[in-house]
Amino acid sequence: MKISNLKRAKIIGVAMMTLSFFPIAVFFISENSIWKIVSLSFFVAMLVVIINLRGIEIENSGECFSLRERHPFVEKKYVPSKIEFPISSIAELNIQEGLFANQMNIKIQSNHSVKKFGISLPLFTRHQILKIKKLLEKKAKES
């Protein structure tokens with residue numbers, strides 16, 4: 001089962017690219033230097049957001065949990081997993097929902113150590129977050 005926010009990331013990226021033409025137009029039309037500086041800085045900020053935009057794909061193949069992260073406008077056939085571990089090793093799972101981004105905190109128990117890490121889940125809907133939570137909790141309880 002795959003849960004992804006790539007479509008939402010692409011929509012936001014296209015909207016940001018479309019809106020980035022307005023600061024360029026203001027820069028060339030305006031004769032006031034303050035407006036030029038403001039429009040140029042706004043354009044640079046939008047460009048930074050577009051460059052740093054990432055789509056996250058969470059995949060559960062039964063016994064293994066993997067997370068892939070990629071830019072929504074770069075089409076690659078193979079994207080390596082950023083995180084991959086067996087679901088049976090989950091000791092604790094906590095998802096904190098925020099206004100703009102959600103945070104998933106996972107504690108993994110291996111034979112010799114306990115590892116904690118957090119995964120930011122921006123642009124996921126509440127329905128997708130609940131789906132991830134149910135899926136991981138159900139699999140963790142089964143094992």
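Owing to the predicted nature of the structure, the values given are computational and were not obtained by experimental measurement. The first residue of the sequence shown is numbered 1, and numbering continues consecutively from there. Note that these values count all heavy atoms, side chains included, but never hydrogens, waters or copies made by symmetry.
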- Might you work through the side-chain contact (heavy atoms from CB on, under 4.5 Å) test for Lys107 and Lys115, ending with a clear yes or no? CA-CA 6 Å; Lys107 185 194 278 186; Lys115 295 179 183 175; over 6 Å; no

- Query: When you look at Ile119 and Asn105, which way does the side-chain contact (heavy atoms from CB on, under 4.5 Å) test go after all the steps?
  - Reply: CA-CA 6 Å; Ile119 303 167; Asn105 300 314; over 6 Å; no

- Task: Given side-chain contact (heavy atoms from CB on, under 4.5 Å), test Arg70 with Val74 step by step and report yes or no.
- Result: CA-CA 7 Å; Arg70 67 182 188 145; Val74 176; over 6 Å; no

- Message: Under the criterion salt bridge (Lys or Arg N to Asp or Glu O under 4.0 Å), I'd like the reasoning laid out for Glu75 against Lys10: C-alpha separation, chi angles, the key distance, then a yes or no.
- Response: CA-CA 12 Å; Glu75 294 296 325; Lys10 275 188 181 180; 3.2 Å; yes

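Closest heavy-atom contact between Ala9 and Arg54: CB-O, 4.2 Å. Of all heavy-atom pairs spanning Ser20 and Met46, the tightest one is N-CE, 3.7 Å. Residue Ile90 comes nearest to Leu93 through the heavy atom pair CG2-CB, 4.3 Å, listed as atom of the first residue, atom of the second, then distance. Contact detail for His71 and Ile50: the closest heavy-atom pair is NE2-O, 2.8 Å. Counting all heavy atoms, side chain and backbone alike, Ile87 lies closest to Cys64 at CG1-C, 4.2 Å.
The hydrophobic cluster containing Ile51 also contains Phe43, counting ILVMFWY residues as joined when their side-chain heavy atoms lie under 4.5 angstrom apart, directly or transitively. In terms of hydrophobic clustering, with Ile, Leu, Val, Met, Phe, Trp and Tyr side chains grouped at heavy-atom distances under 4.5 Å, Val44 and Val26 are assigned to different clusters. Under a hydrophobic clustering in which Ile, Leu, Val, Met, Phe, Trp and Tyr are joined whenever their side-chain heavy atoms come within less than 4.5 Å, directly or via other members, Ile95 and Ile106 fall into the same cluster. In the hydrophobic cluster analysis, where Ile, Leu, Val, Met, Phe, Trp and Tyr join through side-chain heavy atoms closer than 4.5 angstrom, Ile11 is grouped apart from Val49. Under the 4.5 Å side-chain heavy-atom criterion for ILVMFWY residues, no single connected hydrophobic cluster contains both Leu47 and Met17.
Residues Pro122 and Ile56 meet the side-chain proximity criterion, which asks for heavy atoms closer than 4.5 Å. Taking the side chain as every heavy atom from C-beta outward, Ser120 and Gln103 approach each other to under 4.5 Å. Taking 4.5 Å as the limit, every side-chain heavy atom of Trp35 sits out of range of all side-chain heavy atoms of Ile29. Side-chain atoms of Thr125 and Arg8, non-hydrogen and from C-beta on, do get closer than 4.5 Å to each other. Proximity of Lys2 to Glu57: side-chain heavy atoms (C-beta onward) are separated by under 4.5 Å at one or more points.
Around the CZ atom of Phe73, the shell of radius 6.0 Å holds more than 12 heavy atoms that belong to other residues, nucleotides or ligands. For Phe117, the CZ atom counts as densely surrounded, since its 6.0 Å shell holds more than 12 non-hydrogen atoms of other residues, nucleotides or ligands. Residue Phe42 places its CZ atom among 12 or fewer non-hydrogen atoms of other residues, nucleotides or ligands, all under 6.0 Å distant.
Here CZ of Phe124 is found 4.5 Å from CD1 of Ile58. Values are rounded to the nearest 0.5 Å. Between the CG atom in Asn94 and the NZ atom in Lys133 there is a gap of 6.5 Å [rounded to 0.5 Å]. We find the CG-CG distance between Leu67 and Asn60 to be 12.5 Å, quoted to the nearest 0.5 Å. Between the CG atom in Leu121 and the CD1 atom in Ile3 there is a gap of 10.0 Å [rounded to 0.5 Å]. A distance of 9.5 Å separates CD1 in Ile108 from OG in Ser113, rounded to the nearest 0.5 Å. Here CD of Glu59 is found 4.5 Å from OG of Ser66. Values are rounded to the nearest 0.5 Å.
Here the side chain of Ser30 pairs no donor or acceptor atom with the backbone of Phe27 at under 3.5 angstrom. The closest donor-acceptor contact from the side chain of Glu69 to the backbone of Gly55 lies at 3.5 Å or more, if one exists at all. In this structure, Glu84 contributes its side chain and Ser81 its backbone to no donor-acceptor pair below 3.5 Å.
Between Ile132 and the choices His127, Met104, Met1, the side-chain contact (heavy atoms from CB on, under 4.5 Å) rule is met once, by Met104.
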